[in-house]
Amino acid sequence: MRILQLHSNHIEYRPVEKEIPSAEECEQRKYRVEELIVLFTCVEKGDTVEVAQKAINDLKGYLDTVKSNRILIYPYAHLSSNLASPDDALRILKEMESHAKTLGIEVFRAPFGWCKEFSISIKGHPLAEQFRTITTGEKEGEIVSKALEAESKIKSHWLIMKLDGSMVPVEEFDFNGHEKLKIFTEYEISKVRAVQQVPPHVNLMRKLELVDYELASDPGNFRWYPKGRLIKSLIELYVTQKVIDYGGMEVETPIMYDLEHPSLASYLHRFPARQYILKSDDKEFFLRFSACFGQFLMVHDAQISYRQLPLRIYELTRYSFRREKSGELAGLRRLRGFTMPDVHAMCSDLEQAKQEFLKRFKMCVDTLQGFELTSNDYELAIRFTKDFYEQNKDFIISLVQSFGKPALIEMWDERFFYFVLKYEFNFVDNLNKASALSTDQIDIENAERYGITYVDEKGEKKYPYILHCSPSGAIERDIYAMLEKAYMEQQKGKAPSLPLWLSPTQVRVIPVSEQFFGAAEKLVTVLLEHEVRADWDDRPLTMQKKVREAEMDWVPYIVVIGQKEVDSGTLAVRDRRLAEDRKPGKVRTMKMDELVSEIKEITRGKPFQKLPLPTELSKRPKFYG
RNA sequence: GCCUCGGUGGCUCAGCGGCUAGAGCAACGGCCUCGUAAGCCGUGGAUCGCGGGUUCAAAUCCCGCCCGAGGCUCCA
């Protein structure tokens, strides 16, 4: 509903002729009303009785402000191109009239369905002219809940699957030795609560100058400082490399799609309230919430033979957008704009899908390993329909056995999502919150919806099974998990750190005094030539202070250079990994090539990029703190 | 979205109706030229989140909004 609302000295109007057959009966004379609010009102498609009442309720405050209690409801179709039917419009307008009367407002209503002439005199004060758009606010939510209503009735059975393949209800499982699985299970089922505290990774991401909130954007859209950008970029390269090794074909697709596109609409309307909508001319676009759209549309248009299956297609979205409710956003854990690797596999039949699924399961474990996250750091959840379980018991058991720890099971009596089987690796953080990292699912619905087919041996078109996998989960969330894990280590008295291949500075060189600036710079040059990220501290501070700051930057190797090193040709290397129990890192004596080959060995197989910051610390701005 | 808590120099925080709004860190200037987690002195820097209201007087009390966190909910 749209209302042009005018605080007027008076209005005069006269019905001239009927515009539609269903026009209201009325006296064809001149009407005049003094000292009132004129509501030029346009009823739009989908407006309900609730909208009518809300329009009047909202108006009440305005009437008090301008100290008036007289209104004229004037039907005015010209405010929208999405009109309700005349019958509906009249019904809504009458509802406004009667609702206003019950609130004690003096109401006039101009006849509906007439071509009218009018003249009006409007007051000049700042609040005199207003335009309002009224919706129920819950409108979209209602569509969602209706779509999901049937689904929410379907019962989930919560179980734990042990390594021998047996399943017990969660209440009967002995969680001794599986504390994190217990926390995760409780989080999934009952949502237990934690203390009030800023998530540790939020402080760390800012102190380390990686990422920060951007107040000028929508909440949940972050700014990335050089060090954070480097880390994110390295992870992006790393995950992409993993997927290409597995056989993924990397593509790139648009971030926005036509809201009215036929194959997108049905998928989309399941969750209509979570989109960013973008207007361009008179069209509306939504920002993608996953890579599915672009890839499915691309595969839809492709000629695919059974010989080419499984067909793996991959994109790393920068970004995917989900307009999560504001209360759900939390640091890097839950964002509105995030980076998501997404690899789909089209498989000919269930047998092929299962084999492929297993292969990808291993890829996921392997990918997280690169972040130094192992099965000790996350919990497996598997979700499936009862039917699927009955027919594929051994397969599901093999997943749990391959994982090596008991897993949380959610089993449904009936299928209500588009998938029959899904798993995630869930990270449990310092606040006992769980969030999914890697995930994969077997989708039996979307091939048909998107018209994705392949040609089988007999020359017939068939719908493939589609697997949806994110081997790492959102990149931001990987960083969240690493920072949260580092914080846990710190609580245990260890030095928190990032994996060496992700450390923005791998080697920090600290000259003992200005006399050794030249030597320090030379060391850095050599390290850079070997593709080691090195920098040196040329600021006018004491050496002790520089060591301290390097430690607070989580620099893995700190090399102090003075007369001794210049004379001996060796390096004094303070090794962060050797720090224990809040004691400073041990200093090792090493040759340059030993240090380089140690770093090369530890970072082998991982991507490398230069640090996008000056190598002299004095030339770096402080982005935070 | 709802409920609760918070927002004070770049950062962390103190002040919670009444002197010119403070401290530490950081920045800047100078001294110091240093051997593995904070050297010393000085200078500049604040529309107290934004808007409105109450009051002789508002960072402080009230209302609305914005941002963050926690809870509820949600997580394709």
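A note on names: the letters A, B, ... follow the listed sequences, proteins ahead of strands, and every chain is numbered from 1.
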**OP:** State which of B:A38, B:A76, B:G35 makes the closest approach to the side chain of A:R548.
**Re:** B:A38

**OP:** Pick the P atom in B:U54 and in B:C63, then give their distance to the nearest Å.
**Re:** 15 Å

Original post:
Expressed in angstrom and rounded to an integer, what is the separation of A:E484 atom CD from B:A69 atom P?
Top reply: 13 Å

Original post:
Are a donor atom and an acceptor atom from the side chains of A:S435 and A:Y480 found within less than 3.5 Å of each other?
Top reply: yes

Original post:
So what does A:S435 touch, heavy atoms closer than 4.0 Å: a base, only the sugar-phosphate, or nothing?
Top reply: nothing

Subject >> Separation of the P atoms in B:C56 and B:C50, to the nearest angstrom >> reply: 25 Å

**OP:** Say whether A:D535 and A:T615, considering side chains only, have a donor N or O and an acceptor N or O under 3.5 Å apart.
**Re:** no

Original post:
For RNA chain B, what residues of residues 199-209 of chain A have any heavy atom nearer than 4.0 Å?
Top reply: A:P199

Subject >> For A:L368 against A:Y378, the heavy-atom pair lying closest together >> reply: CD1-CE2, 3.5 Å

Subject >> A:K422 vs A:F516, nearer the 5' end of RNA chain B by closest nucleotide >> reply: A:F516

Subject >> Aromatic ring proximity A:H300/A:Y450, centre distance under 6.0 Å >> reply: no

**OP:** Could you check whether A:Q563 gets within reach of a base, just the sugar-phosphate, or nothing at all, counting any heavy atom under 4.0 Å?
**Re:** base

Subject >> Selection from B:A26, B:G68, B:G35 that lies nearest to any side-chain heavy atom of A:P219 >> reply: B:G68

Subject >> Ring centers of A:Y463, A:Y465 separated by less than 6.0 Å >> reply: no

Original post:
Contact class for A:K622 vs. all strands (heavy atom < 4.0 Å): base, sugar-phosphate, or nothing?
Top reply: sugar-phosphate

Subject >> Paired nucleotide for B:U12 [Watson-Crick or G-U wobble; both distances under 3.5 Å] >> reply: B:A23

Original post:
Is any side-chain N or O of A:Y213 closer than 4.0 Å to OP1 or OP2 of B:A69?
Top reply: yes

Original post:
Where the side chain of A:M552 is defined as all heavy atoms beyond and including C-beta, which of B:G35, B:A37, B:G70 is the nearest nucleotide?
Top reply: B:A37

Original post:
Can you tell me how far P of B:A27 sits from OH of A:Y624, to the nearest Å?
Top reply: 15 Å

**OP:** Pick base, sugar-phosphate or nothing for A:A550, based on heavy-atom distances below 4.0 Å to the nucleic acid.
**Re:** nothing

Original post:
Should A:E484 and A:F427 count as side-chain neighbours, where that means a heavy-atom distance under 4.5 Å?
Top reply: yes

Subject >> Separation of the C1' atoms in B:G18 and B:A58, to the nearest angstrom >> reply: 10 Å

Subject >> Who pairs with B:U4 - Watson-Crick or G-U, where each distance is under 3.5 Å >> reply: B:A69

Original post:
Out of B:A69, B:G39, B:U36, which has the shortest distance to the side chain of A:K545?
Top reply: B:G39

Original post:
What integer number of Å spans the P atoms of B:C32 and B:C41?
Top reply: 15 Å

**OP:** Between B:A37 and B:G30, how far apart are the P atoms? Round to whole Å, please.
**Re:** 29 Å

Original post:
Does OP1 or OP2 of B:A69 have a side-chain N or O of A:K433 closer than 4.0 Å?
Top reply: no

**OP:** Quote, to the nearest angstrom, the C1' distance that separates B:A46 from B:A21.
**Re:** 9 Å

**OP:** Look at the side chain of A:E324 and the base of B:G1, then say whether one donor and one acceptor between them are separated by less than 3.5 Å.
**Re:** no

Subject >> A:G331 to A:V202 - nearest heavy-atom pair and separation >> reply: CA-CG2, 3.8 Å

Kindly give the atom pairs (protein nitrogen or oxygen, nucleotide nitrogen or oxygen) under 3.5 Å for nucleotides 31-34 of chain B.
residue: B:U33; atom: O2; partner: A:E514; partner atom: N; Å: 3.2
residue: B:U33; atom: N3; partner: A:E514; partner atom: OE2; Å: 3.0
residue: B:U33; atom: O4; partner: A:E514; partner atom: OE2; Å: 2.8

**OP:** Taking all non-hydrogen atoms of both residues into account, name the closest pair between A:V509 and A:A520 and its distance.
**Re:** CG1-CB, 3.7 Å

**OP:** Could you give the distance separating B:A26 and B:G44 at their C1' atoms, to the nearest angstrom?
**Re:** 13 Å

Original post:
Are any of the side-chain nitrogens in A:E324 or A:R336 under 4.0 Å away from the carboxylate oxygens of its partner?
Top reply: no

Original post:
Which nucleotide, in any strand shown, forms a Watson-Crick or G-U wobble pair with B:A38, with both distances under 3.5 Å?
Top reply: none

Original post:
Would one find a side-chain N or O of A:R574 under 4.0 angstrom from OP1 or OP2 of B:A37?
Top reply: yes

Original post:
Do the two ring centres, one from A:F296 and one from A:H468, sit under 6.0 Å apart?
Top reply: yes

**OP:** Look at the side chain of A:R288 and the base of B:A76, then say whether one donor and one acceptor between them are separated by less than 3.5 Å.
**Re:** no

Subject >> Residue matched to B:C74 through Watson-Crick or wobble contacts both under 3.5 angstrom >> reply: none

**OP:** Provide the distance between the two P atoms, one in B:U8 and one in B:A76, to the nearest whole Å.
**Re:** 36 Å

Subject >> Pairwise distance CZ(A:R323) to OH(A:Y276) - rounded to 0.5 angstrom >> reply: 7.0 Å

Original post:
Which part of the nucleic acid, if any, lies within contact of A:I558, taking any heavy atom under 4.0 Å across all strands shown: a base, the sugar-phosphate backbone alone, or nothing?
Top reply: nothing

Original post:
Closer to the 5' end of RNA chain B via nearest nucleotide, is it A:F419 or A:L215?
Top reply: A:L215

Original post:
Is A:R334 side chain donor-acceptor paired with the B:C74 base, going by distance under 3.5 Å alone?
Top reply: yes

Original post:
Do you know which of A:L159, A:I409, A:I189 makes side-chain contact (heavy atoms from CB on, under 4.5 Å) with A:V170?
Top reply: A:I189

